[in-house]
Amino acid sequence: MLPTAELHIHIEGTLEPEMLVELAARNGVGLPTSDLDELRAKYDFTDLQSFLDLYYANLPVLRTDQDFYDLTSAYLARAERAGVRRAEIFFDPQVHLNNDVPLGAVFEGIGGALRDSPISTDLILCFLRDLGPDAAAETLRKAMPYRERFIGVGLDSAEVGHPPAPFAEVYQRAAAEGLHRVAHAGEEGGPDYVRDALDVLGVERIDHGIRAMEDPELVARLRDEQIPLTVCPLSNVALRTVDKLSDHVLPAMLDEGLAVCVNSDDPAYFGGYVDDNFAALRSELGITEEQLATLARNSFDACFVDDERKSAWKAEIDG
Ligand SMILES: Nc1ncnc2[nH]cnc12
Ligand SMILES: [Zn+2]
């Protein structure tokens with residue numbers, strides 16, 4: 001099993017239908033159906049928004065520390081089997097606050113599972129871009145009592161129509177707090193979203209970034225500056241950003257010398273965890289063992305950890 005870091009994983013996107021039904025029953029939350037086949041039949045998306053509608057509709061089942069603990073433990077157990085050595089995990093506090101779940105329950109539950117796992121982990125707090133910059137600033141303010149529990153901020157949810165620039169101030173505030181900065185950009189939005197995430201938000205990594213490939217000047221910059229891009233191949237197919245995996249730009253990104261790595265995004269919804277993404281790249285895109293090793297090395301290089309730890313993980317790839 002190829003060792004890797006997973007740097008683009010939404011913990012809420014690891015909610016498998018079985019756990020959805022279990023948590024709904026535990027908490028007395030109604031679901032449209034408890035039939036697993038009927039639930040799975042809904043996991044057929046036309047675009048990012050059609051996925052987000054279901055993702056948000058399912059999240060009211062998460063209510064207590066224990067729920068967040070169980071969700072996170074299940075992901076970490078699966079990630080361990082997938083060869084994940086390091087996970088930098090996104091979470092969406094605004095969803096839970098809007099569902100009347102206190103932030104303390106979110107941090108306690110997720111944090112407890114992280115402590116109990118052998119995988120090296122940290123948390124990245126994501127702002128929902130469609131709720132706007134004022135709500136993001138308010139969320140960061142509410143999270144400050146838990147400042148030691150997370151290492152960075154990200155930007156997710158509906159991309160098109162919600163560009164990065166209005167979030168400049170909240171990203172500046174995050175930087176002043178010593179937080180790392182990443183953002184989803186170039187998933188459905190065009191190259192301008194990627195450029196603004198770099199120039200206006202000062203992000204250190206781009207989540208997705210596949211549409212940057214439409215702009216040769218931007219590609220040259222991403223290569224020259226070796227900006228990490230956390231690409232999620234099965235997600236892009238599930239959300240129809242690409243028609244089929246064999247059309248994916250990942251091989252072209254590798255050929256361009258970009259710092260790409262492979263991630264699962266929302267594995268419960270998109271048909272697989274990070275090892276499933278690697279397997280699909282091998283079988284459907286003809287990605288070679290050498291390219292897979294490059295992707296794994298890139299994932300460790302892109303981690304928010306010291307060089308010594310990166311080197312130790314990278315040594316495992318060839319060993
Ligand atoms: N792929 C994705 N893009 C944007 N927001 C998300 N939230 C969870 N998954 C996401
Ligand atoms: Zn994502």
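For ligands, and for the atoms within them, numbers begin at 1 and follow the listed sequence. Keep in mind the model is a prediction, meaning the values are calculated, not measured.
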inquiry  = Within 45 degrees of the ring normal and closer than 6.0 Å to the centroid, is that where the cationic atom of R181 sits relative to F167?
reply    = no

re atom 3 (N) of ligand 1, the protein heavy-atom contact at minimum distance is E187 OE1, 2.8 Å

I want to know whether F270 and F51 have ring centres closer than 6.0 Å. yes

Residue, atom and distance of the protein heavy atom nearest atom 1 (N) of ligand 1 read D265 OD2, 2.7 Å

Classify the ring geometry of H180 against F304: parallel below 30°, tilted from 30° to 60°, perpendicular beyond 60°.
parallel

Discussion item. What I want to find out is whether D37 reaches K42 closely enough, with some N-O distance under 4.0 Å, to be called a salt bridge.
Written reply: no

L48 heavy atoms within 4.0 Å reach ligand 1 at atoms 2 (C), 3 (N), 4 (C)

Checklist line | Parallel, tilted or perpendicular, as decided by the 30° and 60° cut-offs, for the rings of Y269 and Y43 | finding: parallel

TODO: Give the ring-plane orientation class for H208 versus H8, where under 30° counts as parallel, over 60° as perpendicular and anything between as tilted.
DONE: perpendicular

of all protein heavy atoms, closest to atom 5 (N) of ligand 1 is S157 N, 2.8 Å

The answer for which part of F90 has a heavy atom under 4.0 Å from ligand 1 is neither

Ion pair present between R211 and E159, side-chain N to carboxylate O less than 4.0 angstrom? no

Handout entry: Salt-bridge criterion met for R78 and D275 (N-O under 4.0 Å)
Key = yes

heavy-atom search around atom 9 (N) of ligand 1 in the protein gives D266 OD2, 2.6 Å

* Does C232 bring an N, O or S atom to under 2.8 Å of the Zn ion (ligand 2)? -> no

For atom 7 (N) of ligand 1, the closest protein heavy atom turns out to be H10 CE1, 3.5 Å

The atom of D265 among N, O or S that is nearest the Zn ion (ligand 2) is OD1

So for H208 against ligand 1, with non-hydrogen atoms under 4.0 Å, the contacting part is side chain

Vertex the Zn ion (ligand 2), ends H184/NE2 and H10/NE2: angle to nearest 10° comes to 90°

